[in-house]
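Accompanying notes for the structure given below.
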2 protein chains.
Amino acid sequence: MTKKKLLIVEDDENLGQILKEYLEIKGFDTSLARDGEEGLSEFNSNSYDLCILDIMMPRKDGFTLAREIKLLNKEMPVIFLTAKSLKEDTIEGFKIGADDYVTKPFSMEELLLRIQAVLRRSTGTTTEVKSTYTFGRFTFHYDQQLLLFGDEKQKLTSKESELLRLLCQNINKTLDRSAALKYIWKDDSYFNARSMDVYIAKLRKHLKKDDNIQILTIHGEGFKLVSLN
Amino acid sequence: MTKKKLLIVEDDENLGQILKEYLEIKGFDTSLARDGEEGLSEFNSNSYDLCILDIMMPRKDGFTLAREIKLLNKEMPVIFLTAKSLKEDTIEGFKIGADDYVTKPFSMEELLLRIQAVLRRSTGTTTEVKSTYTFGRFTFHYDQQLLLFGDEKQKLTSKESELLRLLCQNINKTLDRSAALKYIWKDDSYFNARSMDVYIAKLRKHLKKDDNIQILTIHGEGFKLVSLN
DNA sequence: ATGGGGATTTAACAATATTTAACATGTAGC
DNA sequence: GCTACATGTTAAATATTGTTAAATCCCCAT
């Protein structure tokens, strides 16, 4: 059995370091990021089995980061670290889909037990964040920003790729407008929303080669990439 | 024989986890949601054989969740978990259509027996929440928001699709106005109710191609999609 | 630094979806 | 029949999304 990969995002240097060392001794493979932004790019560049996120962090808080992580991988297990055991915080956390919640100060043993519990229950369900997607007669290489249709190659722009990836990652489910905007455009504003609409149009144009693939509009909510057959 | 799928909705992390683990050992395939909202979206995205719902939960209580589940699948077996054995609670529960009722604290064995009993009596009746409905000469693809009549394709809007799905799911039965409003419009208010009436009119217009299909008004209660022959 | 050229955003206008309003009709209870 | 209230119907008012093109931004080669 291979080592489980943990992503720790914690802005307190000391605590972060202690966590990392302790968990590595306990046989995990860990990465440490210092804030939400760094955490997201770390998450994007490697694949993990579980994320441990501090809530209060500079640049991007743990809740926001968790939402973005779940956008890419709904099943990714997340454990939050929080200073206070505020009820609202807890509720907000579980709304996002926290798998567990640890209130500081906590003992390393406690955290370890919770990590093991979460991993035990989520074994096998963990969906990797892929970089290649197949739907209908298309193959989409996110890495290379390339959309293949048979032997036709279509080069995509960065924004097109980002958006198509989110749609693929949520195939046959509704991709929330606001979540996608915050993820790709970093901000849900009027103009960004219009920009997104323009990109949806571009993607629809690319995808119209296959009738079985469609991007549906869910009015007031978002978009859904649907694949028949 | 394949594993039965159970949906557990319980906000107490400990109890939820214990239930999940115990029932999995007993050979069930289980999912655990932490509150009513999460429970509903879980229910919507997978198909289950039985739901075990706690009553007192944040965001959306078990009764409300049960009503919404029954809206999508009247036959879905439901077992309620409740802290107190309040008479009103029990009555309210059975009114909704509880199949059983377990008062905390309870033993795992007791719950297991009840689950098995409910499953035994409901075997085979479990109606899947489909995404394609056929009635009269129509075929309705909820996923694609598409209503087919022979080779005529009618594209539906999101709201039309949501409403038609509820009607289909309750075909030849009365769809409760208030329940539908809370489900689709998230809120039963005067204006939303009028909006719903407008959409009923739209659907009637679409459905008038087939005389054998009608949306009846059940005054003061709701609407009923009836299919003759 | 400068200009070309693709990528992205902004703008303007069109088309749809949804809600609100106004008025008509129907139903139940008295 | 009369009243109160629920529903039917249609159209106007809003809000959201679609579409296209111009304006801007950004990167890179010169």
Side-chain angles (χ1 to χ4, degrees), chain A residues 142-147 153-167 174-208 213-226, chain B residues 140 142 144-147 153-167 174-208 213-226:
Chain A
Y142 168 73
D143 289 343
Q144 307 163 54
Q145 308 193 341
L146 220 52
L147 181 63
K153 288 185 186 182
Q154 174 63 56
K155 190 135 179 40
L156 300 183
T157 71
S158 328
K159 282 268 163 19
E160 287 173 335
S161 296
E162 291 293 336
L163 187 51
L164 183 53
R165 177 168 73 148
L166 286 191
L167 286 166
T174 301
L175 171 63
D176 185 73
R177 271 191 90 93
S178 175
L181 277 167
K182 284 186 202 136
Y183 187 83
I184 301 177
W185 278 265
K186 309 300 175 198
D187 176 26
D188 178 351
S189 71
Y190 172 79
F191 285 119
N192 286 340
R194 297 322 322 271
S195 198
M196 174 166 166
D197 289 331
V198 171
Y199 277 94
I200 287 289
K202 288 178 197 283
L203 288 180
R204 281 186 172 133
K205 205 162 288 171
H206 288 137
L207 297 180
K208 72 162 172 262
I213 297 296
Q214 275 178 282
I215 297 178
L216 289 189
T217 302
I218 312 300
H219 193 99
E221 298 190 35
F223 298 96
K224 178 156 74 167
L225 179 66
V226 297
Chain B
F140 167 47
Y142 168 73
Q144 305 165 57
Q145 310 190 336
L146 215 55
L147 181 64
K153 288 184 188 185
Q154 174 63 56
K155 216 169 151 13
L156 300 183
T157 72
S158 314
K159 283 265 158 36
E160 287 172 336
S161 297
E162 291 292 337
L163 186 50
L164 184 52
R165 177 169 74 147
L166 287 191
L167 287 165
T174 300
L175 170 64
D176 184 73
R177 271 191 89 92
S178 176
L181 277 167
K182 283 187 205 136
Y183 188 83
I184 300 177
W185 278 266
K186 310 297 177 200
D187 176 26
D188 178 351
S189 71
Y190 172 78
F191 285 120
N192 286 340
R194 296 321 323 271
S195 200
M196 175 167 165
D197 288 331
V198 171
Y199 276 93
I200 288 289
K202 288 178 197 283
L203 289 181
R204 281 184 171 135
K205 206 161 288 173
H206 287 137
L207 297 180
K208 72 164 173 262
I213 296 296
Q214 275 178 284
I215 297 178
L216 296 186
T217 302
I218 312 300
H219 192 96
E221 299 188 35
F223 298 96
K224 178 153 71 167
L225 179 65
V226 295

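Sequence lines set the chain letters: A, B, ... in the order given, protein chains first and strands last, and positions in each chain run from 1. Treat the numbers as computed from the prediction; the structure is a model and nothing was measured.
- Note on A:Arg204: only backbone sugar-phosphate atoms sit closer than 4.0 angstrom, heavy atoms only; bases stay farther off.
- Backbone-only contact: A:Lys205 has heavy atoms under 4.0 Å from sugar-phosphate atoms and none from a base.
- The interatomic distance linking B:Leu164 (CG) with C:dA17 (C1') rounds to 17 Å, in whole Å.
- One finds a salt bridge joining A:Arg177 and A:Asp197 here, because a Lys/Arg side-chain nitrogen approaches an Asp/Glu carboxylate oxygen to under 4.0 Å.
- Atom-to-atom, CZ of A:Arg177 to P of C:dA17 comes out at 15 Å; the value is rounded to the nearest Å.
- Atom NZ in A:Lys208 sits about 12 Å away from atom C1' in D:dT19, given to the nearest Å.
- Between the side chain of B:Asn192 and the main chain of B:Asp187, a donor-acceptor pair closer than 3.5 Å is present.
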message = Using side chain to side chain contact (heavy atoms under 4.5 Å, CB included), reason through B:Leu147 and B:His206 one step at a time and then give a plain yes or no.
response = CA-CA 9 Å; B:Leu147 181 64; B:His206 287 137; 4.0 Å; yes
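- A close approach under 4.0 Å does not occur between any side-chain nitrogen or oxygen of A:Thr217 and OP1 or OP2 of D:dT16.
- Out of C:dT8, D:dA6, D:dT10, the shortest distance to the side chain of B:Val198 is found at D:dT10.
- Side-chain proximity of B:Thr157 to D:dT17, C:dA17, D:dT7: nearest is C:dA17.
- Contact annotation: B:Trp185 reaches the phosphate of C:dT19 (side-chain N/O to OP1 or OP2, under 4.0 Å).
- Residue contacts for A:Tyr190: at a heavy-atom cut-off of 4.0 Å it reaches no nucleic acid atom on any strand shown.
- In this structure, of C:dT8, D:dG8, C:dG26, it is C:dG26 that holds the atom nearest to the side chain of B:His219.
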request  = Test side chain to side chain contact (heavy atoms under 4.5 Å, CB included) on B:Lys202 and B:Leu163 and set out the steps.
outcome  = CA-CA 11 Å; B:Lys202 288 178 197 283; B:Leu163 186 50; over 6 Å; no
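- Here the side chain of A:Ser161 pairs no donor or acceptor atom with the backbone of A:Gln145 at under 3.5 angstrom.
- Taking atom CG of A:Asp188 as the reference point, atom P of C:dT9 lies 14 Å away to the nearest angstrom.
- For B:Ser195 and C:dT20, the shortest distance from a side-chain N or O to OP1 or OP2 is not below 4.0 Å.
- Distance A:Leu181 CG to C:dT9 C1': 13 Å, rounded to the nearest Å.
- Regarding B:Asp197, its CG atom lies at a distance of 14 Å from the P atom of D:dT10, rounded to whole Å.
- Taking only side-chain nitrogens and oxygens, B:Arg194 never comes nearer than 4.0 Å to OP1 or OP2 of C:dT18.
- Atom NZ in B:Lys202 sits roughly 15 Å away from atom P in D:dG8 (whole-Å rounding).
- For A:Lys159, whose side chain is taken as the heavy atoms from C-beta onward, the closest listed nucleotide among D:dA6, D:dT19, C:dT8 is C:dT8.
- One interatomic measurement links the two molecules: CZ of B:Phe191 to C1' of D:dA15, which rounds to 16 Å at whole-angstrom precision.
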